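Read the structure below first, then the notes.
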There are 2 protein chains.
Amino acid sequence: MDSEPAPGSTPYDTARAHGRAARRTAALDTASELLERHGPGALTMRRIATELGCSTTVLYTIFGGKSGIAEQLWLEGFDRLDRAVRSVHEPDPLARLTGMGQAYRANALSNRAYYAVMFQRAIPGFEPSAQAYAASLRPLHALAGAVEECIGAGVFAPADPMHIARVLWAASHGAVSLEIVGYEGAIDAEERYECLMRAAAAWFMAGGGG
Amino acid sequence: MDSEPAPGSTPYDTARAHGRAARRTAALDTASELLERHGPGALTMRRIATELGCSTTVLYTIFGGKSGIAEQLWLEGFDRLDRAVRSVHEPDPLARLTGMGQAYRANALSNRAYYAVMFQRAIPGFEPSAQAYAASLRPLHALAGAVEECIGAGVFAPADPMHIARVLWAASHGAVSLEIVGYEGAIDAEERYECLMRAAAAWFMAGGGG
DNA sequence: GCTTTGCTGTAACGCTGTTCTATAACAGTA
DNA sequence: TACTGTTATAGAACAGCGTTACAGCAAAGC
């Protein structure tokens with residue numbers, strides 16, 4: 001994160017900063033593993049500290065409190081989502097957009113605990129900061145980029161790409177969210193997801209309803 | 001709830017049962033008010049007991065534990081949603097369906113704390129029981145009924161009403177969920193909601209994509 | 001040598017859900 | 001009236017939580 005030494009810092013300072021950064025990433029790795037293997041309920045300060053091999057005081061000096069750890073996990077979750085969405089490289093704009101939708105669902109399903117932290121307030125006291133929230137919008141912008149290309153290619157009717165992206169995200173989120181909570185059974189969840197994505201996309205097509 | 005006296009019970013038993021039922025509803029009223037006025041975080045056993053004017057032991061004898069109270073609140077939330085959705089009486093099937101969608105959103109926005117309990121796991125240890133889950137599907141069936149009428153009227157193409165209802169619910173839930181969490185700003189939330197609902201509905205129209 | 005600074009472990013505080021224990025209230029009975 | 005058995009309650013206690021105050025330890029500066 002902030003591994004660059006500040007101007008005017010001594011070599012000792014940088015070494016210490018490196019140590020700090022190492023401790024920080026180690027702590028986050030531990031917290032992440034705990035989150036994924038045992039769920040958000042297992043994310044307690046004492047347990048993280050025990051697993052990490054130190055006292056809870058260390059976690060407080062590094063992250064300030066549990067909210068600090070929660071925010072890092074929140075950001076990590078959105079970063080994974082962003083990487084998943086941006087890893088779709090279909091040449092056709094519409095194929096890329098639908099691929100992004102499938103990537104969204106696949107990422108959510110294989111990172112359920114993270115998804116719970118991101119969208120279900122699974123860590124009781126935590127509320128993301130303004131800048132963390134801003135960072136979490138990156139996947140949405142990726143989606144908007146693909147939408148813009150669809151408009152440019154004449155597949156979608158001209159409109160505000162961000163508006164369309166937000167609507168598509170809402171649809172995607174709704175289906176995935178209900179699926180993850182276990183609502184209405186997971187039997188035809190994939191089919192429902194595909195159906196809703198097609199329905200939403202069709203609405204914005206050129207020559208459609210708009 | 002179970003206010004009918006069991007066969008062979010004495011008048012004293014029924015009186016006592018009445019007292020139990022009264023205590024039960026009083027406790028739920030207190031919990032509900034606490035939930036709505038101060039959020040899910042204020043729902044602690046001690047606070048409910050204090051507000052109610054008794055010891056926590058009473059709550060444990062009535063509800064078994066906090067999960068018992070949570071489940072009742074969960075059911076109450078879905079009951080409110082069900083009543084809101086079924087209170088739409090438009091004669092035209094499609095108008096009734098869109099009215100139900102608007103009722104869904106309006107109910108969620110005016111019962112945010114309940115919505116958090118229902119869909120965001122706002123009460124940490126709580127998982128709804130199988131029968132509570134079954135009861136929560138009533139609004140979905142109401143939606144499916146309206147869908148069925150749309151199909152009968154030739155507005156929608158023939159298909160499984162439950163499938164369509166589930167897809168519509170997912171779309172609705174996604175938009176409302178993001179709006180309630182405060183995601184992507186609440187500025188154009190209503191417009192996005194309407195847009196997504198129209199998009200999803202259009203997909204199932206007769207002569208459309210299907 | 002000593003002091004000062006940064007960091008850490010321990011123990012504690014106030015809170016949570018839950019359970020244990022002692023006590024009070026009441027119907028039935030001699 | 002006095003006793004018994006059931007039921008229900010209040011209060012204290014327990015384990016766990018996030019957090020913080022305090023004491024101690026290592027290394028840098030003089």
Side-chain angles (χ1 to χ4, degrees), chain A residues 2 5-6 8-24 26-27 30-31 34-35 38-74 117 121-127, chain B residues 5-6 8-24 26-27 30-31 34-35 38-73 117 121-127:
Chain A
D2 43 0
S9 63
T10 70
Y12 174 73
D13 286 341
T14 68
R16 199 168 50 184
H18 277 180
R20 254 199 298 261
R23 273 200 308 271
R24 185 186 172 87
T30 302
L34 223 39
L35 171 64
H38 300 98
L43 263 187
T44 72
M45 298 298 274
R46 285 176 174 83
R47 188 154 179 187
I48 298 172
T50 303
E51 213 90 11
L52 189 60
C54 66
S55 166
T56 59
T57 315
V58 178
L59 300 177
Y60 280 91
T61 61
I62 301 181
F63 300 102
K66 192 177 182 182
S67 297
I69 299 178
E71 177 143 317
Q72 292 307 315
L73 294 173
W74 200 75
V117 171
R121 298 268 184 275
I123 303 180
F126 166 64
E127 199 91 13
Chain B
S9 63
T10 71
Y12 174 73
D13 286 341
T14 69
R16 199 169 48 184
H18 278 179
R20 256 200 294 265
R23 273 200 307 270
R24 185 185 171 87
T30 302
L34 223 40
L35 171 64
H38 300 99
L43 264 186
T44 73
M45 299 297 274
R46 284 176 176 82
R47 188 153 179 188
I48 297 172
T50 303
E51 213 89 11
L52 190 58
C54 66
S55 166
T56 59
T57 315
V58 178
L59 300 177
Y60 279 91
T61 61
I62 300 179
F63 299 101
K66 192 178 182 180
S67 298
I69 299 178
E71 178 144 316
Q72 293 306 316
L73 294 173
V117 171
R121 297 267 184 277
I123 302 179
F126 166 65
E127 199 91 11

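All figures in this text were calculated on a predicted structure; none of them were measured in a lab. Just so we're on the same page: letters track the sequence lines, and every chain starts at 1. Just the heavy atoms: all of them, side chains too, but no hydrogens, waters or symmetry mates, feed the values below.
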Quiz item: Would one find a side-chain N or O of R20(B) under 4.0 angstrom from OP1 or OP2 of dT7(D)?
Solution: no
Quiz item: Are any non-hydrogen side-chain atoms of L43(A) and L73(A) less than 4.5 angstrom apart?
Solution: yes
Practice problem: Assign a letter to each nucleotide of nucleotides 10-21 of chain C from its 5' end: B, base within under 4.0 Å of a protein heavy atom; S, sugar-phosphate only; -, no contact. | Solution: B-B---BBBB--
Quiz item: Can you find a heavy atom in the side chain of L52(B) that is under 4.5 Å from one in the side chain of V58(B)?
Solution: no
Quiz prompt | Under the salt bridge (Lys or Arg N to Asp or Glu O under 4.0 Å) test, residues paired with E51(B) that sit two or more places apart | solution = none
Practice problem: Could you check how far CD1 of I48(A) sits from P of dT19(D), rounded to whole Å? | Solution: 11 Å
Exercise. Send over the distance from I62(A) CD1 to dG6(C) C1', rounded to a whole Å.
Key: 14 Å
Self-check item: K66(A) side, atom NZ; F126(A) side, atom CZ - distance, nearest 0.5 Å
Solution: 11.5 Å
Exercise. Please say which of I69(B), T57(B), T50(B) ends up in a side-chain contact (heavy atoms from CB on, under 4.5 Å) with M45(B).
Key: I69(B)
Quiz item: How many Å lie between CZ on R24(B) and C1' on dA8(D), as a whole number?
Solution: 17 Å
Quiz item: Quick one: does R121(B)'s side chain get under 4.5 Å of R121(A)'s, heavy atoms only?
Solution: no
